[in-house]
Amino acid sequence: MCVMGPEAPFACLTSDIVRSREAPDRAALQCRIEAALARVNESLRGQLAVPLAVTVGDEWQGLFTCLEAALEADLVLRGALAPEVFATGIGVGGLATPLAGRTADMDGPCFHRARGALERAKRRGSGGVAVDSGDPGLDLPVNTICHLLSALSSRWTEKQLRAVLTYRERGTELAAAEALGISQPVLHRSLAGARGREFLEAYRQLLAFVRGYPGGPREEARAP
């Protein structure tokens with residue numbers, strides 16, 4: 001459940017594929033991005049103010065009703081687009097314009113913060129997530145955990161990534177193994193090698209912290 005109430009800020013997610021110009025088939029990559037965004041838009045439609053969509057090149061953007069949903073969308077997209085690596089900036093704040101059907105037709109602090117956060121994430125070189133809400137009490141712990149999770153997952157193979165995320169989705173090793181078409185012992189070894197359970201527990205604690213953060217940033221009101 002999102003922590004933000006009717007008068008609270010939005011969370012703008014902006015992502016960009018790292019070194020996308022080196023992709024051997026840019027057209028195929030674009031198709032994969034569009035399909036992945038469509039799946040996330042469907043699964044998180046109740047927490048979207050403006051659906052995720054490609055904005056320019058291999059960059060996409062969407063507007064969520066809370067930071068928790070934006071973080072969830074980013075993790076799901078990493079599984080859907082593997083082995084592609086991308087950087088994500090999430091800006092939390094108000095709007096200076098009314099809601100519109102496209103983020104390109106909107107402006108406000110959440111968009112400016114997302115752009116700055118994306119540039120910080122890009123400077124890390126290996127993708128990952130950076131968050132800017134204007135509240136150090138929220139940003140410092142969230143960015144610290146996100147940075148550590150990114151450092152851990154950057155060492156995964158594509159098979160390990162899929163094992164971890166499928167295990168998270170299905171809930172048990174057996175169900176995840178069946179979904180992936182592998183044996184339960186093979187899945188178990190993938191999770192152990194990736195420190196997948198530790199990753200998922202840290203991620204669960206991250207979402208719990210965001211969910212329980214008292215009120216979220218409140219310095220800007222929503223646009224009428």
Side-chain angles (χ1 to χ4, degrees), residues 1-3 11 13 15-19 29 32-33 35-44 47 52 60 64 66-90 117 120-122 124-131 138-213:
M1 184 177 74
C2 290
V3 300
L13 180 149
S15 301
D16 193 16
I17 297 284
V18 175
R19 295 183 294 275
L29 175 58
R32 290 189 64 213
I33 293 172
L37 297 183
R39 290 197 295 271
V40 173
N41 285 337
E42 175 62 24
S43 63
L44 293 175
Q47 296 164 309
L52 289 160
W60 59 86
F64 291 83
C66 63
L67 175 57
E68 181 186 352
L71 289 168
E72 176 71 19
D74 180 75
L75 183 64
V76 174
L77 285 169
R78 291 183 188 277
L81 291 172
E84 303 299 335
V85 176
F86 59 86
T88 294
I90 301 175
R120 289 195 294 277
K122 284 182 175 180
R124 296 174 185 168
S126 59
V129 186
V131 173
L138 178 66
D139 294 346
L140 180 59
V142 167
N143 282 311
T144 299
I145 297 172
C146 284
H147 188 49
L148 291 173
L149 291 176
S150 177
L152 175 60
S153 61
S154 68
R155 299 174 179 270
W156 292 349
T157 65
E158 184 178 349
K159 288 183 178 179
Q160 286 176 321
L161 173 61
R162 297 195 186 285
V164 172
L165 295 187
T166 304
Y167 173 69
R168 178 175 184 256
E169 177 187 353
R170 298 302 176 110
T172 68
E173 287 189 3
L174 182 58
E178 290 176 348
L180 292 170
I182 59 178
S183 68
Q184 184 270 331
V186 169
L187 181 89
H188 180 83
R189 289 194 293 271
S190 290
L191 290 175
R195 303 298 295 269
R197 288 184 179 81
E198 292 85 349
F199 175 94
L200 292 176
E201 176 59 21
Y203 188 79
R204 187 186 69 80
Q205 293 289 348
L206 169 64
L207 294 186
F209 171 76
V210 169
R211 189 182 308 120
Y213 193 77

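Just so it is clear, the model here is predicted, and its values are computed rather than measured. Basis for what follows: all heavy atoms, side chains included, without hydrogens, waters or symmetry-related copies.
- Pairing each heavy atom of L206 with each of C146, the nearest pair is CD2-SG, 4.0 Å.
- In this structure, L44 and A69 approach most closely via the heavy-atom pair CD1-O, 3.9 Å.
- Under a 4.0 Å N-O distance rule, the pair E201/R204 qualifies as a salt bridge.
- For the atom pair L152 CG and E198 CD, the distance stands at 8.0 Å (nearest 0.5 Å).
- Closest of all the heavy-atom pairs between A82 and R32 is O-NH2, 2.9 Å.
- Taking L191 as the reference, V164, Y167, E173, L187, R197 meet the side-chain contact (heavy atoms from CB on, under 4.5 Å) condition, with sequence neighbours excluded.
- More than 12 heavy atoms of other residues, nucleotides or ligands sit less than 6.0 Å from atom CZ of R124.
- Applying the side-chain hydrogen bond (donor to acceptor under 3.5 Å, both in side chains) test to pairs two or more places apart or on separate chains, those with a residue in residues 147-158 are E158-R162.
- The minimum heavy-atom distance between L67 and I90, with the atom names listed, is CD1-CG2, 3.6 Å.
- In terms of modelled atom types and a separation under 3.5 Å, the side chain of S43 and the main chain of V40 share a donor-acceptor contact.
- Taking both residues in full, the closest heavy atoms of S15 and T88 are given as OG-OG1, 2.6 Å, listed atom of the first, atom of the second, then distance.
- Comment: R168 engages E72 in a salt bridge, judged by a side-chain N to carboxylate O separation of less than 4.0 angstrom.
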